[in-house]
Protein chains: 2
Amino acid sequence: MRIDRERATQVTVRDQPAKEHRRTRQRAAVDEVLDETEDFISAQELHALLRTRGAGVGLATVYRTLQTLADDGRVDVLRSDAGEAVYRRCVREEHHHHLVCRSCGATVEIAGPTVERWAKSVADQHGYTDVSHTLEIFGTCPRCAA
Amino acid sequence: MRIDRERATQVTVRDQPAKEHRRTRQRAAVDEVLDETEDFISAQELHALLRTRGAGVGLATVYRTLQTLADDGRVDVLRSDAGEAVYRRCVREEHHHHLVCRSCGATVEIAGPTVERWAKSVADQHGYTDVSHTLEIFGTCPRCAA
DNA sequence: TCAAGACTGACAACCATTGTCAAAACAGCC
DNA sequence: GGCTGTTTTGACAATGGTTGTCAGTCTTGA
């Protein structure tokens with residue numbers, strides 16, 4: 001197995017502050033959807049949504065745009081269990097995790113300094129350096145449980 | 001987004017104790033590789049490995065076998081960053097996490113009762129029930145860092 | 001306005017994974 | 001050892017998310 005350094009996880013702290021990109025209709029459209037969407041959404045879903053709105057954007061463009069945003073640290077990425085990448089505008093600037101509803105996808109962003117420290121110390125203990133981690137909590141939200 | 005209840009994460013506790021399966025050459029071969037392999041391995045890699053050994057096993061069979069093992073809780077599954085599912089014979093019986101080397105895949109299994117409790121309490125706080133979680137730590141192992 | 005180059009979109013290509021289904025292997029039984 | 005019902009296998013097709021391609025279009029800075 002080979003884990004790509006750059007894309008290993010969305011929680012890796014970025015060094016470069018984000019290159020400038022051109023403002024285009026397509027990117028604005030994707031941005032708008034992300035702004036309106038509370039929960040994680042897949043590239044496919046986003047593409048379909050744009051299509052129904054009439055603001056057609058090519059699928060490849062949606063993928064590219066999301067990837068760019070992710071690279072710039074402007075959206076959170078995580079993999080749904082099906083292996084599909086799902087995206088979400090991140091609200092917190094700092095490193096954080098998610099509590100995600102299994103059935104509707106409702107998400108709560110969570111800061112966990114304790115966990116951060118724990119992860120760091122565990123890695124140190126085993127001599128691992130350059131550490132990052134992924135942590136997501138899944139459950140059934142109150143609304144879906146009702 | 002739809003997160004499948006059954007496969008949401010490898011850390012969900014299994015209720016059923018594992019159905020009996022027939023012993024076949026193919027399953028034995030997969031088992032053997034898993035026994036010998038310390039680190040996470042993908043279905044594709046395992047398949048290729050078997051092929052080079054002469055113990056040819058169909059790709060579909062490899063997938064099915066791994067899936068069965070995973071369902072029975074006999075192997076750990078996690079998704080590499082590329083979205084590929086990777087498997088590993090789990091050593092610990094109880095719920096645990098992994099510290100994985102980004103470059104060589106070397107893995108350390110980790111128990112983190114603190115984290116378990118934290119995850120549970122966070123979920124409770126937000127009214128989420130039926131909680132499970134994923135947590136993996138990535139880093140560069142001492143050998144690769146040298 | 002203009003040119004350079006970034007961006008887009010339709011489509012093909014990729015690749016992990018799953019579905020299909022007839023043939024083969026297994027386990028229990030005689 | 002054979003028989004038989006069931007499980008398992010494997011070759012192949014199909015699926016589906018994602019990425020590559022490349023000519024045409026749009027942005028931007030001059």
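Below, read A as the first sequence line, B as the second, and so on, with proteins coming before strands; counting in each chain starts at 1.
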Rounded distance in Å - [atom1] ([X]) to [atom2] ([N]):
X: Arg27(A); N: dC26(D); atom1: CZ; atom2: P; answer: 15 Å
X: Asp71(A); N: dT19(D); atom1: CG; atom2: P; answer: 11 Å
X: Arg79(B); N: dC15(C); atom1: CZ; atom2: C1'; answer: 13 Å
X: Leu66(B); N: dT9(D); atom1: CG; atom2: P; answer: 12 Å
X: Tyr87(B); N: dT17(C); atom1: OH; atom2: C1'; answer: 9 Å
X: His47(A); N: dC11(C); atom1: NE2; atom2: C1'; answer: 13 Å
X: His21(A); N: dT8(C); atom1: NE2; atom2: P; answer: 11 Å
X: Leu50(A); N: dA10(C); atom1: CG; atom2: P; answer: 13 Å

Counting heavy atoms from C-beta on, name the nucleotide in [options] closest to the side chain of [X].
X: Gln26(B); options: dT6(D), dG9(C), dG10(D); value: dG10(D)
X: Thr24(A); options: dC7(C), dT9(D), dC26(C); value: dC7(C)
X: Arg25(B); options: dT19(D), dG10(D), dG5(C); value: dG10(D)
X: Glu84(B); options: dG9(C), dT17(C), dC7(C); value: dT17(C)
X: Arg23(A); options: dT8(C), dG9(C), dT28(D); value: dT28(D)
X: Gln44(A); options: dT8(C), dG5(D), dG17(D); value: dG17(D)
X: Val57(A); options: dC12(D), dG9(C), dC7(C); value: dG9(C)
X: Ala85(B); options: dT18(D), dC7(C), dT17(C); value: dT17(C)

What contact category does Thr61(A) fall into here, base, sugar-phosphate, or nothing, at under 4.0 angstrom with non-hydrogen atoms? base
Under 3.5 Å: donor-acceptor pair, side chain of His97(A), backbone of Leu135(A): yes
Does dT19(D) have OP1 or OP2 under 4.0 Å away from a side-chain N or O of Tyr63(A)? no
Does dT19(D) have OP1 or OP2 sitting under 4.0 Å from an N or O in the side chain of Gln67(A)? yes
Shortest non-hydrogen separation from Ala85(A) to Val77(A) and the atoms involved: CB-CG1, 4.3 Å
For Val57(A) versus Ala29(A), what's the shortest heavy-atom pair and its separation? CG2-CB, 4.3 Å
Base dG10(D) to side chain Arg64(B), donor-acceptor N/O within 3.5 Å cut-off: yes
Gln67(A) vs Tyr87(A), test: side-chain hydrogen bond (donor to acceptor under 3.5 Å, both in side chains). Steps then yes/no. CA-CA 9 Å; Gln67(A) 197 152 5; Tyr87(A) 305 82; over 6 Å; no
On DNA chain C, compare the nucleotides closest to Gly56(A) and Leu59(B); which residue's is nearer the 5' end? Gly56(A)
Heavy atoms of other groups near Arg51(A) CZ, more than 12 under 6.0 Å: no
Taking the six-membered ring for Trp, are His98(B) and Phe40(B) closer than 6.0 Å centroid to centroid? yes
